[in-house]
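Each chain gets a letter, A, B and so on, in the order its sequence line appears, and its residues count up from 1.
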Protein chains: 2
Amino acid sequence: MSEAATAFANYIAKLERRGAFAGEARAALLGVPVRIRHFGAYQDIVREGERPQESCFVESGLVSRYRTLPNGSRQIVSFHLPGDMVDLQSALVIVADHGIRTHVPTVILMIAHDDILRIAAEHPSVGRAFWFDTLVDAAIFREWTVNVGRRNTRERTAHLLLEFNARFAAIGMVRDGWFDLPVTQNDLADALGITPVHMNRTMQWLRGERLIRTHSRAVLIEDMAGMVALAGFDPVYLHPEGPRSAPDGV
Amino acid sequence: MSEAATAFANYIAKLERRGAFAGEARAALLGVPVRIRHFGAYQDIVREGERPQESCFVESGLVSRYRTLPNGSRQIVSFHLPGDMVDLQSALVIVADHGIRTHVPTVILMIAHDDILRIAAEHPSVGRAFWFDTLVDAAIFREWTVNVGRRNTRERTAHLLLEFNARFAAIGMVRDGWFDLPVTQNDLADALGITPVHMNRTMQWLRGERLIRTHSRAVLIEDMAGMVALAGFDPVYLHPEGPRSAPDGV
DNA sequence: CGAAGTTTTGAGGACCTTCAAAAGTTGTGG
DNA sequence: CCACAACTTTTGAAGGTCCTCAAAACTTCG
């Protein structure tokens with residue numbers, strides 16, 4: 001472990017808050033070999049169809065996962081903030097069915113799949129924590145399906161901004177209500193399944209209704225109650241409460 | 001284990017094809033207590049917001065998971081066929097963020113969360129198999145997000161029908177190209193994020209182009225190449241190849 | 001300070017929705 | 001086993017949301 005990897009230590013602490021690790025589990029995780037990689041903005045970490053040997057963890061910066069369709073359009077399926085394990089799933093899945101790329105300069109910790117699987121097998125409490133992380137991932141995907149399937153553009157945009165607000169707040173990156181969202185309207189459109197032109201008009205509408213404020217890439221939820229009502233936002237799907245604990249005797 | 005639970009035995013065999021179980025893992029799974037429940041059509045198995053104590057497995061029939069929005073519209077986020085574990089995820093997650101209901105008369109095996117977690121902890125090879133099942137789940141959710149986000153109605157519908165065809169084929173429920181899809185156009189519309197009226201017109205278009213044939217609720221992919229091209233369908237996301245195997249020494 | 005990228009504006013049109021009602025199918029009780 | 005009710009599929013027409021194409025204004029960065 002490098003002393004630079006502060007977010008990773010926080011990640012382990014978060015896993016433990018969800019359920020204490022038994023015995024030497026924490027030491028095993030803290031001792032896992034990591035490879036630090038620095039990326040610029042808009043660089044691919046994993047390309048679609050690759051067979052990565054490592055999972056990646058966001059130490060700082062911002063990354064997204066995406067799929068590109070034959071017609072060239074792109075759908076972003078998730079964003080990942082500092083402290084997120086991006087693709088634990090690739091530890092078990094052989095072929096990546098999506099790509100991962102940065103949006104801003106980003107520091108990534110690469111962890112070998114073999115190490116992840118070994119620790120999960122040797123320490124059931126860690127295996128359960130990883131599994132839970134995957135479940136929260138799946139819950140967020142479900143919510144995104146609902147979002148693009150059943151909400152109009154205004155509701156959809158409000159919902160995504162509220163998700164960002166909640167997730168940035170959870171890692172202490174909201175100050176006086178403002179958080180930095182280094183994502184272009186083009187990329188937001190790719191996440192919401194709309195065109196950049198319509199994305200722009202929707203942002204203008206949200207500002208005009210005094211629901212949000214922006215300057216440069218910073219965002220403030222100005223009217224929280226109005227936004228929550230508009231989006232039908234219920235943060236349950238982010239599962240901040242952590243997993244059910246293990247049954248007795250485990 | 002009841003002798004009636006044939007699909008469950010097949011499920012265990014499927015997990016093993018993806019990676020052999022060590023020691024007594026298979027016996028532990030086969031010996032898990034199950035509660036058999038019979039449901040009629042359109043009955044709730046789990047309501048949104050409930051805190052279930054058991055996960056459910058589809059022995060026969062068809063179920064879907066859905067979210068209902070404040071405005072009353074519904075989004076179906078997944079369908080589950082015989083042989084599917086529907087909500088392994090609920091074993092770890094406390095509050096259900098979605099509902100589960102049947103579409104036709106259905107036999108469900110209920111398995112206590114404590115038993116699932118205990119077996120996963122005691123037998124790492126089973127824990128890994130469950131984790132992988134969750135990952136495939138998440139991959140399907142991602143693909144649905146892409147589907148509703150970036151494909152038009154015709155492509156979307158073709159994609160969903162191809163997914164059904166592939167999944168029914170995998171459990172031997174396709175005969176001469178035909179499979180039974182006991183889902184109304186209303187429910188298909190809820191899965192694809194469109195209105196029932198437009199769903200109907202899209203089905204008519206697919207039939208008119210001789211891409212599919214239907215009678216009653218049976219479906220035949222008449223022009224497979226045309227459908228695959230239209231939908232941009234790549235079954236990689238269904239991950240039929242199974243997970244990466246465990247590293248040496250585990 | 002110039003170049004590249006991002007946001008904004010305008011106008012026309014396609015896709016999908018909404019509302020309403022008819023036709024067809026399935027299931028159930030008398 | 002038929003008759004009726006409930007549900008599902010189909011049709012029509014008008015309208016709104018979102019897209020496409022094109023270009024201008026604004027920002028950021030080397």
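- Of the listed nucleotides (dC18(D), dT8(D), dC16(C)), dC18(D) has the atom at the smallest distance from the side chain of Asn152(A).
- Phosphate proximity of dC7(D) to Gln185(B): absent, as no side-chain N or O sits under 4.0 Å from OP1 or OP2.
- Distance alone, capped at 3.5 Å, places no donor-acceptor pair between the Arg65(B) side chain and the His80(B) backbone.
- Here dT27(D) presents its P atom at 13 Å from NE2 of His215(A), a figure rounded to the nearest Å.
- Rounded to an integer number of Å, the gap from Leu192(B) CG to dC15(C) P is 17 Å.
- Under a 3.5 Å cut-off, the side chain of Asn152(B) and the backbone N or O of Glu155(B) do form a donor-acceptor pair.
- Here dC15(C) presents its C1' atom at 6 Å from NE2 of His198(B), a figure rounded to the nearest Å.
- Nucleic acid contact class of Arg156(A) (heavy atoms, under 4.0 Å, all strands): none.
- Within 4.0 Å of Arg154(B), counting heavy atoms only, lies no atom of the nucleic acid at all.
- Across the protein-nucleic acid pair, Leu188(B) atom CG and dT10(D) atom P stand 12 Å apart, rounded to whole Å.
- The listed nucleotides are dG10(C), dA20(C), dC19(D); the one nearest the side chain of Arg201(A) is dG10(C).
- Proximity of a side-chain donor or acceptor of Arg150(B) to a complementary backbone N or O of Arg74(A) within less than 3.5 Å is detected.
- For the pair Ser216(A) and Ile194(A), nearest-nucleotide mapping onto DNA chain D gives the more 5' position to Ile194(A).
- Between Gln204(B) and dT11(D), a side-chain N or O to OP1/OP2 separation shorter than 4.0 Å is present.
- Straight-line distance from the NE2 atom of His103(B) to the C1' atom of dT8(D): 15 Å, rounded to whole Å.
- Side-chain contact check for Leu211(A) versus Glu222(A): every heavy-atom pair is 4.5 Å or farther apart.
- An OP1 or OP2 oxygen of dC18(D) is reached within less than 4.0 angstrom by no side-chain nitrogen or oxygen of Thr195(A).
- The CZ atom of Arg150(A) sits 13 Å away from the P atom of dC16(C) (whole-angstrom rounding).
- Residue Arg207(A) places at least one side-chain N or O closer than 4.0 Å to OP1 or OP2 of dT8(C).
- The CG-P distance, from Asp190(B) to dT8(D), rounds to 12 Å in whole Å.
- Taking 4.0 angstrom as the limit, Arg217(B) places none of its side-chain polar atoms (N or O) nearer than this to OP1 or OP2 of dC7(D).
- Listed nucleotides dC18(D), dT8(C), dT17(C) differ in distance to Asn200(A); the shortest reach to its side chain belongs to dT8(C).
- Put simply, the side chain of Arg151(B) gets close to the backbone of Ala231(B): a donor and an acceptor are under 3.5 Å apart.
- Between Arg151(A) and Val197(A), it is Arg151(A) whose nearest contact on DNA chain D lies nearer the 5' terminus.
- Atoms CH2 (Trp205(A)) and P (dT9(C)) sit 17 Å apart, rounded to a whole Å.
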